[in-house]
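First comes the structure, then the notes that go with it.
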Amino acid sequence: MNWGSASEFFAMGGYGFYVWGSFGVTAAALLIETLLVKKRLGDTRRLLRRELAADRESQD
Amino acid sequence: MKARHKRFAIVLGGLAALGIAAALILNAFQSNLVFFFTPTQVANGEAPKDRAFRIGGLVKEGSLQRTDITARFVVTDTAKEIPVAYTGILPDLFSEGKGVVAQGALDADGKFTATEVLAKHDENYMPPEAKHAVDQAHEASKTLKQ
Amino acid sequence: MSQPLINWFKFASPASFYPLAGKLWPWFAALATAFAAAGLWISFFVAPTDFQQGEGYRIIFIHVPASWMSMFIYCVMAFWSAIGIGFNTRLSGMMSSALAPTGALFAFLSLWTGALWGKPMWGAWWVWDARLTSELILLFLYLGYIALTAAIDDPRRADKAGAIVSLVGVINVPIIYFSVKWWNTLHQGASVSMTKAPTMAATMLWGMLLMALAFWMYSIAVALYRVRAIILERERHATWVAELPEMQR
């Protein structure tokens, strides 16, 4: 174990800004990308369902 | 103009724009491919004389002197040496025996005045204890060779 | 022709790849989470402090894997582009477009974490050396691919144009990789390579490899998910789309 306390862990030996800036932005970026692709597939499905429903109605 | 021709023109235009951008970047890249010159290259007159350039090498052991905020040290590639003066904050990894890259200009008597000093570290990563062991092994092999 | 080739082409049709991708992505997502948990644990709690860079070197655990992924994803895009041009398969263009945003993201993260690492250690956020410049060009190639394919309305033509960009641009990948050998750079040489033993302590190496695996699994999961959206967008008028269970409500 490298750390004596939580504050030591967050300080990263004085490099806290750089280390957490790297890990934080990476985590945020991957999370945002995940949410965006989920939204993209959801939106597409919703749009297609609406289109198909309209098609069926016009055929009836 | 048919729609097909128009699309083709758009594709061609897009590729041309991309090509020009790439050419511009590569051109800028070309002048920077030589990021720094070693003291030997400087001694051979390979470094540009009309503009600022970078020198790179190791900080010679025992050469670092600090006066007020000005640091003086010698950059060596083990064959040639260049004395450097720099006023400013040195990076964390700057130390004697380690890699350094300095930007600045060479004056008439061969002294380099730096406007920026960067530390160049190596690709070795290990805990301090391991580094200590490596150093000791290195010392031992040196003694054996003598 | 031999039997396996026919099976292979069966999955090359969007109609059969859509459900397959839907079944596969959760497994890759789960693997990504598991590898990331193990990798982060090693990165922060097992890997020792570095003799030169103290705790600051821990940025390596995302910087190197992100850089590897940015180069590798571009190669995979070039592979799909070559398949698309050679066999004229619809799916290959969709795979390339599904990979591009993730590749661009990793190229950005490589540059971002590199800047945050360079500032304290080298003394500069950015320098125009061959390694950094060629990685920046990689980001521009990704963005160029995305912009070009988005600008062309006809998907098949967009795929063709994109395929040319990715096949031409793939030359940049070996340039990035060997830049530190071919030219004087501020960036240090490779710690891990095919030709010599790694110059890292074993636990540090493990942390880096686990994080690389996590990014790899993440990329596969997110690309499979994105390719499903792309397939639906492009095949919206196909009867198989109308017959999908999720379209029946």
Side-chain angles (χ1 to χ4, degrees), chain B residues 3-4 6-8 10-15 17-19 21-22 24-26 28-38 41 54-57 77 88-95 98-103 116-135, chain C residues 47-54 56-57 60 118-124 127-134 136-137 140-141 144-145 147-148 151-154 157-158 160-161 164-165 168-169 172 175 179-180 182-193 198-201 203-205 208:
Chain B
R4 193 157 58 94
K6 202 172 162 189
R7 274 198 215 101
F8 186 70
I10 293 171
V11 173
L12 213 67
L15 281 178
L18 207 76
L24 284 175
I25 295 167
L26 279 173
F29 195 28
Q30 189 64 37
S31 58
N32 282 290
L33 279 183
V34 182
F35 187 69
F36 60 79
F37 295 87
T38 62
Q41 286 174 314
R54 296 187 191 87
I55 57 167
D77 58 4
I89 301 159
L90 291 165
D92 289 8
L93 287 189
F94 180 92
S95 70
K98 297 286 182 204
V100 70
V101 173
Q103 180 164 27
E116 187 184 31
V117 169
L118 303 172
K120 178 173 163 62
H121 64 80
D122 57 29
E123 64 273 29
N124 299 314
Y125 305 92
M126 59 184 105
E129 310 86 70
K131 172 64 181 162
H132 185 65
V134 168
D135 287 346
Chain C
T49 308
D50 182 59
F51 76 102
Q52 268 190 114
Q53 307 188 19
Y57 93 97
I60 202 174
K119 183 61 186 171
M121 298 305 165
W122 296 344
V127 292
W128 290 99
D129 86 345
R131 172 54 75 81
L132 278 68
T133 309
S134 53
L136 182 66
I137 291 174
F140 286 155
L141 282 169
Y145 175 95
L148 185 67
I152 302 169
D153 286 332
D154 177 4
R157 275 171 197 284
K160 285 248 162 63
I164 293 167
V165 173
V168 171
N172 187 42
I175 292 181
S179 56
V180 289
W182 291 344
W183 299 294
N184 287 341
T185 55
L186 183 62
H187 196 287
Q188 68 279 11
S191 297
V192 182
S193 76
T199 57
M200 293 179 88
T203 44
M204 297 176 176
L205 189 63
M208 210 166 84

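Letters go in sequence order (proteins before strands), and every chain restarts at 1. The figures that follow rest on heavy atoms only: side chains count, while hydrogens, waters and symmetry mates do not.
- Remark: S95(B) pairs with K98(B) by the side-chain contact (heavy atoms from CB on, under 4.5 Å) rule, at least two apart or across chains.
- For the set A147(C), P120(C), G169(C), A158(C), the entry with the most heavy-atom pairs within less than 4.5 Å of chain B is P120(C).
- Looking at L136(C), neither its backbone nor its side chain comes within 4.5 Å of chain B, counting heavy atoms on both sides.
- Highest contact tally toward chain B, considering only S179(C), G54(C), P48(C), A47(C), is held by P48(C) [criterion: heavy-atom pairs under 4.5 Å].
- The side-chain heavy atoms of N172(C) and L141(C), taken from C-beta on, include a pair separated by under 4.5 Å.
- Partners of Q188(C) under the side-chain contact (heavy atoms from CB on, under 4.5 Å) rule, at least two apart in sequence or in another chain, are H121(B), E123(B), Y125(B), W117(C), W122(C).
- For chain C, no part of V100(B) is nearby; none of its heavy atoms comes within less than 4.5 Å.
- Residue contact with chain B, scored on non-hydrogen atoms closer than 4.5 Å, involves the backbone and the side chain of M121(C) alike.
- When side chains are defined from C-beta on, I60(C) counts as touching M200(C), because their heavy atoms get closer than 4.5 Å.
- No donor-acceptor pair closer than 3.5 Å links the side chain of Q53(C) to the backbone N or O of D50(C).
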